[in-house]
Amino acid sequence: MSKESKKVLANHVLLPKTPTGITGLDQITGGGIPKGRPTLICGDAGCGKTLISLEFIVRGAMEFNEPGVFMAFEEKAEELEMNVASLGFDLKKLQDEKKIRLDHVHIERSEIEETGEYDLDGLFIRLGYAIDSIGAKRVVLDTIENLFSGLANQTILRAELRRLFHWLKEKGVTAIITGERGDGKLTRQGLEEYVSDCVILLDHRIINQISTRRLRVVKYRGSIHGTNEYPFLIDQEGISVLPVTSLFLDKEVSEKRIPSGITALDQMMGGKGFYRGSSVLVSGTAGTGKTSIAAYFASEACSRGERCLYFAFEESPRQIIRNMTSINLDLQPYVDKGLLEFHAARPTMYGLEMHLVNIYKSIKKFKPSVVILDPITNLVTVGSVSEVKGMLIRLIDFLQEEQITVMFTALTLNTAVTEQTDEGVSSLVDAWLLVRDIEYNGERNRGMYIMKSRGMKHSNQVREFVITDNGLDLVDVYLGPDGVLTGSAREAEILKEQTSKVIKTNAVSRKDREISRKRKVLEAKIASLQTEFESVEEELNKVYIEEQLKDEIMAKTLSEITNIRRSKAEEQETQIRKKK
Amino acid sequence: MGEEKEPKTWELRLYVAGKTQKSVDALNNLKKYCEEHLQGQYRIEVIDLLVNPQLAEGDQILAIPTLVRKFPEPIRKIIGDLSNEEKVLVGLNIRPA
């Protein structure tokens, strides 16, 4: 929130703002109401004008060190003190510390007689004195329109009011002026003519016997602001305004993944699970195990030592814990350790806004890393689909900002509509798991698939979702020639497959044996042929060697003969030479 | 009639803010009526809020000039320059309406 307001302030340095300190209001107005100028807050009786303006003064004194003057034209100081004591505001103490000043202006038509010209200098002096005595930076005039019922001369009154607002601006105080809503006008006396910088309209509507207060910034000169109607609440901690949607979509995102608690499901999502800070929707028809999935997710978070907040709108915490033990999941130790906290409330207990604020507050207090809402469907009983959607958008916004992973479960009544709506949140969530019944072969089984999972690879397969005594698991459904098979049909098919496998292996081994036998025969044949070949070869070799030997011997004899001849010839020659 | 029943002096307080024309007119008018109807039985106290601003809260002063009848009870207030004698006398309960 503070980041946003800083950003806005940086963009609009020209218009300094005074933070009201009221939860959410500063966010809508981008930092507060215009500093040193009057702001008009108007609305019907009982819509919280006095309280919102009083909180502005008290927060200013307590949190921003800006003393304030509260000039009440309706209630007495003591009444005011009593009214806000329940909110934990100690006006008496703040007055003693000179941080605030309450001044009750009493006007009674019957006590006042008017004759001739007058002005409202008395009021100016009184207000000026109150401001100066504590160095006030904030002023509230509640409800200044009461002057109109106390004084008859409207001409003087209007001129004086104009002068008053001008004077307030000159004083440099940030002022809130409240006014009753009039017919077709923002205020009965047309105060909006005088206060034109910032106008905030409060509204109190009752729809389906549930009342909702709303706030709208009608006008804010020189600043951007949220123009929607924002629901707000008055509870024991003052006023909380809930921006329907944040003005910006610039949240931090995490790369970290957290497991779902069901290993097979994680595997369908690349083996790692959901992104931290993402929103997950689990939807399905009745009895498909949505709560079980949620409980597994919760227990997984707790086993990592993280905190988990579980909002149950249907079952009581004990009921959930008992039911989960039947699927081998014991949540009680986590509850005892303070890691898991249940908040159970019937949706009809109060309006959507109150639910949302309760959720906000519990989250702020408990600081969980995982939040579960089970189921969101029941909220429709207290609001229309679009209202529930609006609420969930705000919740998701808030949770994303806090980096909290949220899991919603939603009941779908009609499978045909399922894929479209689901309270209209299916388009908002980051991951959507769908659990559905598959009716086949005289039984009902559960099939689960991931409809979407933003930013990660995920399986496109339908898995059979089984709930056993040992917990949850996902098994591959059997895709046979007859279509998808689940439950006992799947078991039967698997059995059939196993049988045929045994038979097949048997057949294969017989064939193997035959082949080995054939090989042996072949090998024997090869051996005998080889022996035959060897004897033939030997025969052939014998002739060849003989020939060779013969040749050798012949050559030897021939050379000997030659030698002998040559020696004889030499002898003859020597004899001849001697004769000569 | 009324003044005969009241033996004590009337306490009247006139709130002004500086010496404006309206304040001066109011004081002059008041003195004139008192002399006529309450001779010797009245006391007028003029409070200038510019000097004593803290006094404005006590008597619930909004408009200037304001005439407050502190006594006899109940407290009555008349705002304006008191130019209409009839209204002032009725307002102060000097003359019954």
Side-chain angles (χ1 to χ4, degrees), chain A residues 69-77 95 98 101-134 136 141 143-161 163-164 167 171, chain B residues 12-30 32-33 46-70 73-95 97:
Chain A
V69 172
F70 191 92
M71 202 167 230
F73 291 82
E74 278 178 333
E75 291 167 286
K76 286 191 180 138
Q95 284 183 92
K98 294 215 173 274
R101 199 183 161 103
L102 298 183
D103 188 358
H104 170 62
V105 178
H106 174 80
I107 320 163
E108 182 58 63
R109 188 73 167 260
S110 60
E111 289 176 11
I112 297 172
E113 199 66 52
E114 290 175 42
T115 154
E117 289 279 302
Y118 60 90
D119 55 43
L120 293 182
D121 262 340
L123 185 69
F124 283 68
I125 289 167
R126 213 163 139 179
L127 191 54
Y129 175 70
I131 291 170
D132 295 339
S133 66
I134 57 166
L141 302 173
T143 305
I144 204 159
E145 285 189 323
N146 275 21
L147 286 177
F148 286 90
S149 62
L151 302 172
N153 196 330
Q154 300 252 328
T155 326
I156 291 179
L157 209 44
R158 290 192 180 275
E160 288 298 287
L161 278 184
R163 191 160 72 94
L164 176 69
W167 177 81
K171 271 263 177 196
Chain B
L12 301 173
R13 206 177 269 180
L14 184 67
Y15 286 89
V16 296
K19 293 255 180 288
T20 60
Q21 189 55 49
K22 276 176 279 202
S23 305
V24 174
D25 286 351
L27 187 56
N28 291 339
N29 287 333
L30 182 63
K32 194 174 84 199
Y33 308 145
V46 178
I47 293 172
D48 189 347
L49 289 179
L50 290 183
V51 184
N52 295 308
Q54 72 279 9
L55 295 177
E57 207 175 326
D59 270 325
Q60 290 289 355
I61 303 306
L62 287 178
I64 291 292
T66 298
L67 172 65
V68 180
R69 185 186 77 174
K70 296 292 278 184
E73 303 270 347
I75 292 172
R76 300 297 301 258
K77 281 183 203 158
I78 300 170
I79 58 174
D81 58 13
L82 311 178
S83 50
N84 187 327
E85 182 175 357
E86 195 60 26
K87 272 197 172 175
V88 177
L89 295 181
V90 171
L92 287 176
N93 220 357
I94 293 170
R95 179 180 295 173

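Both backbone and side-chain heavy atoms feed into the values below; hydrogens, waters and symmetry mates do not. Every chain is numbered from 1, with letters handed out A, B, ... down the list of sequences. For clarity, every value in this text was computed on a predicted model and none was experimentally measured.
Across all their heavy atoms, A/Val105 and B/Gln60 have their closest contact at CA-OE1, 3.3 Å. In terms of heavy-atom proximity, A/Asp119 sits nearest to B/Lys22 at OD2-NZ, 3.1 Å. The minimum heavy-atom distance linking B/Ala63 with A/Tyr118 is given by the pair CB-CD1, 3.6 Å. When every heavy atom of A/Gly122 is checked against every heavy atom of B/Ala56, the shortest pair comes out as O-CB, 4.4 Å.
For the set B/Leu50, B/Val88, B/Ile78, B/Asn29, the entry with the most heavy-atom pairs within less than 4.5 Å of chain A is B/Ile78. With chain B as the partner, the residue from A/Ile156, A/Leu127, A/Asn153, A/Ile125 showing the most heavy-atom pairs under 4.5 Å is A/Ile125. Contact tally against chain A (heavy-atom pairs below 4.5 Å) for B/Leu82, B/Ile79, B/Asp25, B/Ile61: the top residue is B/Ile79.
Contact of A/Ser110 with chain B is made through the backbone alone, with heavy-atom distances under 4.5 Å.
Remark: the backbone N or O of B/Asn84 is paired with a side-chain donor or acceptor of A/Thr115 at under 3.5 angstrom. When atom types are taken as modelled, the side chain of A/Glu117 and the backbone of B/Ser83 share no donor-acceptor pair closer than 3.5 angstrom.
Rounding to the nearest 0.5 Å gives a distance of 10.0 Å between CD of A/Glu114 and OG1 of B/Thr66.
A search for side chain to side chain donor-acceptor pair (under 3.5 Å) contacts involving B/Lys77 returns nothing, not counting sequence neighbours.
Between A/Ile107 and B/Leu62, some side-chain heavy-atom pair lies under the 4.5 Å cut-off.
The residues B/Glu57 and A/Arg101 are annotated as salt-bridged, a charged nitrogen and a carboxylate oxygen being separated by less than 4.0 angstrom.
Applying the 6.0 Å contact sphere to NZ of B/Lys70 captures more than 12 heavy atoms from other residues, nucleotides or ligands.
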